[in-house]
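Note sheet for the following structure.
The structure displayed is predicted, hence computed values, not measured ones. Chain identifiers are assigned alphabetically (A, B, ...) following the order of the sequence lines, protein sequences preceding nucleic acid strands; residue numbering begins at 1 within each chain.
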Protein chains: 2
Amino acid sequence: MSRGFKQDLFNQFARVGKALSNGNRLELLEFLAQGERSVEALAGVSGLTVANTSQHLQQLRQAGLVASRKQGLKVFYRLSSNDVISLMDSLRKVAEHHLADVEHLVNTYLTVKDKLEPIAREELIERVKDDLVTVIDVRPAEEYAAGHVPGAVNVPIRELEAYLQQIEPGQEIVAYCRGPHCVLAFDAVAVMRDKGINARRLEDGYPEWKNAGLPVEVDSDE
Amino acid sequence: MSRGFKQDLFNQFARVGKALSNGNRLELLEFLAQGERSVEALAGVSGLTVANTSQHLQQLRQAGLVASRKQGLKVFYRLSSNDVISLMDSLRKVAEHHLADVEHLVNTYLTVKDKLEPIAREELIERVKDDLVTVIDVRPAEEYAAGHVPGAVNVPIRELEAYLQQIEPGQEIVAYCRGPHCVLAFDAVAVMRDKGINARRLEDGYPEWKNAGLPVEVDSDE
DNA sequence: CTAGTATTCAAGTACTCTATTGAATAGTTT
DNA sequence: AAACTATTCAATAGAGTACTTGAATACTAG
């Protein structure tokens with residue numbers, strides 16, 4: 001009995017592992033870490049067909065990672081709890097530490113990585129309090145509206161150049177987006193440094209900020 | 001480029017998820033959480049053939065979860081870092097919270113669960129300091145020898161009855177084994193309660209204790 | 001009630017994973 | 001060198017997974 005029990009139990013845990021065993025599902029989870037999304041929206045950002053997205057979402061639900069809610073025609077999915085964010089973080093940490101390929105990828109795509117030293121959440125909070133930095137949220141407007149770091153200005157990548165015209169010279173800028181590997185913030189910092197602006201990125205993104213229990217601001221007209 | 005990068009990155013993370021997507025591999029990881037083990041030993045405890053075990057271990061290695069070392073004829077595998085234990089913990093936590101089946105399983109096999117309130121590590125440390133409890137390690141002798149909670153007595157399940165003859169009545173006993181779902185400790189507590197002994201189990205097991213940075217004792221003659 | 005929309009279901013194909021088997025390799029002992 | 005042992009490799013059958021396509025469902029708006 002004891003053997004059967006353990007076997008059964010590990011098989012249950014493996015169901016969660018299975019859900020995490022596909023890159024597309026992990027991408028869906030990352031988007032869901034920012035808040036509720038419809039199937040259509042998720043299909044859009046992931047580049048999958050709607051039917052395929054729906055099937056992946058159902059697998060995630062069966063593994064207990066996401067939950068859904070129907071409103072009118074649309075079905076909205078969300079992470080079933082913050083434990084899922086912690087799990088994703090653990091996964092990322094292990095992958096980063098132990099998969100040489102991940103490091104290689106990051107170095108290939110983000111060549112100036114070393115020069116973009118990230119700023120920690122705690123340090124950012126201090127510097128914002130002392131009014132030393134401007135925080136910009138480089139995600140698309142709709143993601144920003146669904147929740148963002150208090151006081152952050154929404155500057156989607158396309159609007160970055162225009163935005164930079166109007167800032168005071170010498171002002172330090174911190175950019176963040178969807179998470180520690182979201183390229184938007186890397187890109188933004190690279191652009192700003194190019195122009196001689198003192199820019200850094202937050203070490204991780206909005207989902208982690210929210211998950212850490214820090215205050216968030218929501219635009220209620222969404 | 002940004003899309004390709006993200007896709008690639010998530011596929012790398014998915015490699016780790018894949019490694020966690022099979023119950024046998026999770027069982028192997030749990031054993032490895034206790035320390036280095038040879039392929040043969042791992043095949044023994046998991047009930048798999050040696051060839052099959054070897055192949056699973058290679059998958060775990062490719063995912064960066066385990067590392068190996070050759071000594072003479074034998075190859076010893078170990079977890080590649082403590083991050084892996086944290087990852088397993090996250091996985092367990094999510095599975096427990098969100099999979100109804102896990103709860104069902106635990107309740108089916110461990111019917112007296114509610115009566116076996118676990119004791120937390122911190123509380124145990126206090127009570128040991130005040131000499132209020134005896135700690136017993138119900139794992140097999142070889143696992144105990146490889147590392148155990150300081151001051152714990154090794155009482156493999158088969159020797160439990162004999163051991164209980166010689167304890168003072170009224171003494172409180174805390175049992176632990178391999179982790180929060182290791183049935184050995186549940187069984188031991190059930191047996192002792194049957195005999196009217198004041199027994200509880202530690203909320204988790206040796207791997208978690210060690211991982212929490214608490215002191216451990218090793219029998220050097222192993 | 002009809003037309004339209006968001007999502008899910010069902011079936012099919014190509015692909016991948018698991019466990020088994022027997023052979024190959026690398027190291028030890030005699 | 002020959003016999004032996006622990007592990008790995010290679011090939012295979014069977015089960016499971018991913019993505020596509022087209023139809024079905026469930027809800028809304030007219």
Partner set under salt bridge (Lys or Arg N to Asp or Glu O under 4.0 Å) for B/R25, not counting sequence neighbours: none
C/dT21 phosphate, OP1 or OP2, under 4.0 Å from B/N52 side-chain N/O: no
Greater than 12 external heavy atoms within 6.0 Å of A/E161's CD: no
Start and end of chain A contact along DNA chain D [non-hydrogen atoms, under 4.0 Å]: D/dT17 to D/dT28
With 3.5 Å as the limit, what N/O pairs link the protein to nucleotides 4-7 of chain C?
residue: C/dT7; atom: OP1; partner: A/V39; partner atom: N; Å: 3.2
residue: C/dT7; atom: OP1; partner: A/V75; partner atom: N; Å: 3.4
residue: C/dT7; atom: OP1; partner: A/V75; partner atom: O; Å: 3.4
residue: C/dT7; atom: OP2; partner: A/E40; partner atom: N; Å: 2.9

Candidate pair A/I173 and A/I136, rule side chain to side chain contact (heavy atoms under 4.5 Å, CB included), full reasoning: CA-CA 7 Å; A/I173 296 188; A/I136 65 173; 3.9 Å; yes
Those residues that, when tested against B/Q58, pass side-chain hydrogen bond (donor to acceptor under 3.5 Å, both in side chains) (two or more places apart): B/S54
A/R92: partners by salt bridge (Lys or Arg N to Asp or Glu O under 4.0 Å), with sequence neighbours left out: A/E30, A/D89, A/E208
Listed partners of A/E36 passing salt bridge (Lys or Arg N to Asp or Glu O under 4.0 Å), at least two apart: A/R69
Partner set under salt bridge (Lys or Arg N to Asp or Glu O under 4.0 Å) for A/R61, not counting sequence neighbours: none
Which residue lies more 5' along DNA chain D, comparing A/Q71 with A/K18 via nearest heavy atoms: A/K18
Sequence-distant partners of B/Y206, ring pair (Phe, Tyr, Trp, His ring centres under 6.0 Å), two or more places apart: none
Degree of bending, the helix from C/dC1-D/dG30 to C/dT30-D/dA1 (end axes from five pairs; round to 10°): 30°
With 3.5 Å as the limit, what N/O pairs link the protein to nucleotides 10-15 of chain C?
residue: C/dA10; atom: N6; partner: A/Q55; partner atom: OE1; Å: 3.3

Stretch residues 57-65 of chain B: residues that reach within less than 4.0 Å of DNA chain C through a heavy atom: B/Q59
Contacts of A/Y77 that satisfy ring pair (Phe, Tyr, Trp, His ring centres under 6.0 Å) - sequence neighbours left out: none
